[in-house]
Amino acid sequence: MRGLVNKGVLITGGSRGIGKATAQRFLEEGSRVFVCGRDPNAVKATVQGLEPLGSIQGQPCDVAQEKSVAHLVENAIHALGGIDILINNAGIAWQEPFLAISLDHWDRTLDTNLRGMFLVAQAVARHMVARGQGGAIINMSSTNGLVGEEQYAHYNASKGGILLLTKTMAVEMGRYGIRVNALCPGYIVTPLADSLHSPDFQAAYVRDHIPLGRVGRPEDVAAAYAFLASDDAAFINGEGLVIDGGQLAM
């Protein structure tokens, strides 16, 4: 991709799954990377595992906590010399019927997926505006932000909110040369997906819902993150890019 060499990239939820694959992709593109995740051991292992590819650092962070986010962004700015690209990727999910959702699970889902997305995006956007060099912010939404899926009311609500947050940010941040977009992946095999669904469920889901005949891979989403952050997407702003193998076309 054009325009990614030597860019400073902050990736939340960057210690496993899609975030880890995205860190690897940006390192392969010549970017400098700073990752965060909730598990200190996973962050350490990711940094150590990807260090042979280029410049990568990281730290633990709970994106739902304002002080934790402030510390994260401050350290990322120092380590990278400035944040050019934010990959706002952290998220959680539970599968449970609407009538059974506890207030705790509702709050924790919205706190991480939507509050956390807002806190990190606002802190990084303020830095980008003050720096005066523009930038790119890509938020993680989902096909679940576009259509409903049973037993994911809290997750769906958070992902729908992210799409409208993205569009509003794009309207306000465009004047500063900051592009804001979102990704809307469909069924991607990650540790989170594996914890929710059995192999039999995944095989049936592919058969019934995905015209391309396979689940998505973290690398598929990482490639889309790289595209939207690159100069090849210089006139794309306020969009939600769907990556679902044709699922929503059915």
Side-chain angles (χ1 to χ4, degrees), residues 1 4 7 9-14 17-19 21-23 25-26 36 63-64 69 83-93 109-126 128 134-149 152 154-188 190 192-193 216-249:
M1 301 293 178
L4 296 180
K7 294 294 186 180
V9 184
L10 171 60
I11 304 174
T12 68
I18 291 170
T22 301
R25 177 59 186 258
F26 276 97
C36 80
V63 297
V69 168
I83 300 170
D84 302 294
I85 298 162
L86 168 62
I87 304 300
N88 215 358
N89 181 73
I92 61 173
T109 302
L110 273 290
D111 280 351
T112 298
N113 294 6
L114 191 54
R115 173 186 166 93
M117 195 78 53
F118 160 73
L119 287 174
V120 178
Q122 187 183 62
V124 172
R126 284 171 171 166
M128 288 178 172
I137 295 173
I138 303 103
N139 297 322
M140 174 57 86
S141 182
S142 171
T143 52
N144 288 60
L146 296 166
V147 296
E149 182 177 9
Y152 288 99
H154 32 13
Y155 183 75
N156 300 345
S158 71
K159 295 301 183 177
I162 289 166
L163 284 176
L164 268 295
L165 172 65
T166 297
K167 289 181 180 294
T168 306
M169 287 179 61
V171 171
E172 295 191 29
M173 295 296 102
R175 72 195 69 168
Y176 302 106
I178 301 168
R179 297 184 298 107
V180 186
N181 291 291
L183 293 186
C184 299
Y187 203 108
I188 311 296
T190 66
L192 177 60
R217 298 181 295 263
E219 294 77 13
D220 296 320
V221 184
Y225 268 136
F227 167 67
L228 286 179
S230 75
D231 290 347
D232 293 327
F235 202 56
I236 300 177
N237 190 37
E239 293 299 319
L241 177 61
V242 175
I243 311 156
D244 71 347
Q247 178 181 335
L248 295 190

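The analysis underlying the following values was restricted to heavy atoms, covering all of them including side chains, and did not include hydrogens, waters or symmetry mates. No experiment lies behind these values; they were computed from the predicted model shown.
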In short, salt bridge (Lys or Arg N to Asp or Glu O under 4.0 Å) pairs touching residues 234-247 with sequence neighbours left out are none

- Message: In the structure I gave you, are the side-chain heavy atoms of Asn113 and Ile92 within less than 4.5 Å of one another anywhere?
- Response: yes

Mind checking whether Leu4 and Ile85 have side chains closer than 4.5 Å, heavy atoms only? yes

Here the pair of heavy atoms bringing Ser142 nearest to Lys159 is CB-CG, 3.8 Å

Correct closest heavy-atom pair for Ile236 and Arg179 would be O-NH1, 3.1 Å

Across all chains, not counting sequence neighbours, the salt bridge (Lys or Arg N to Asp or Glu O under 4.0 Å) partners of Arg126 are none

When every non-hydrogen atom of Ile162 is compared with those of Ser141, the smallest separation belongs to CG2-CB, 3.9 Å

Min side-chain heavy-atom separation Asn181-Leu241 under 4.5 Å: no

Is Thr112 close to Ser158 at the side-chain level, that is, under 4.5 Å between some pair of heavy atoms? no

On a heavy-atom basis, the closest approach of Leu183 and Ile138 is CG-CG2, 4.0 Å

Checklist entry - Is there a side-chain contact between Cys184 and Leu146, using heavy atoms and a 4.5 Å cut-off? => result yes

_Side-chain touch Met169/Ile137, heavy atoms, less than 4.5 angstrom_ = yes

Under 3.5 Å, side chain of Thr143 to main-chain N/O of Pro185, donor-acceptor pair present?
yes

Q.
Contact between Tyr225 and Ile18 at the side-chain level, heavy atoms closer than 4.5 Å - yes or no?
A. yes

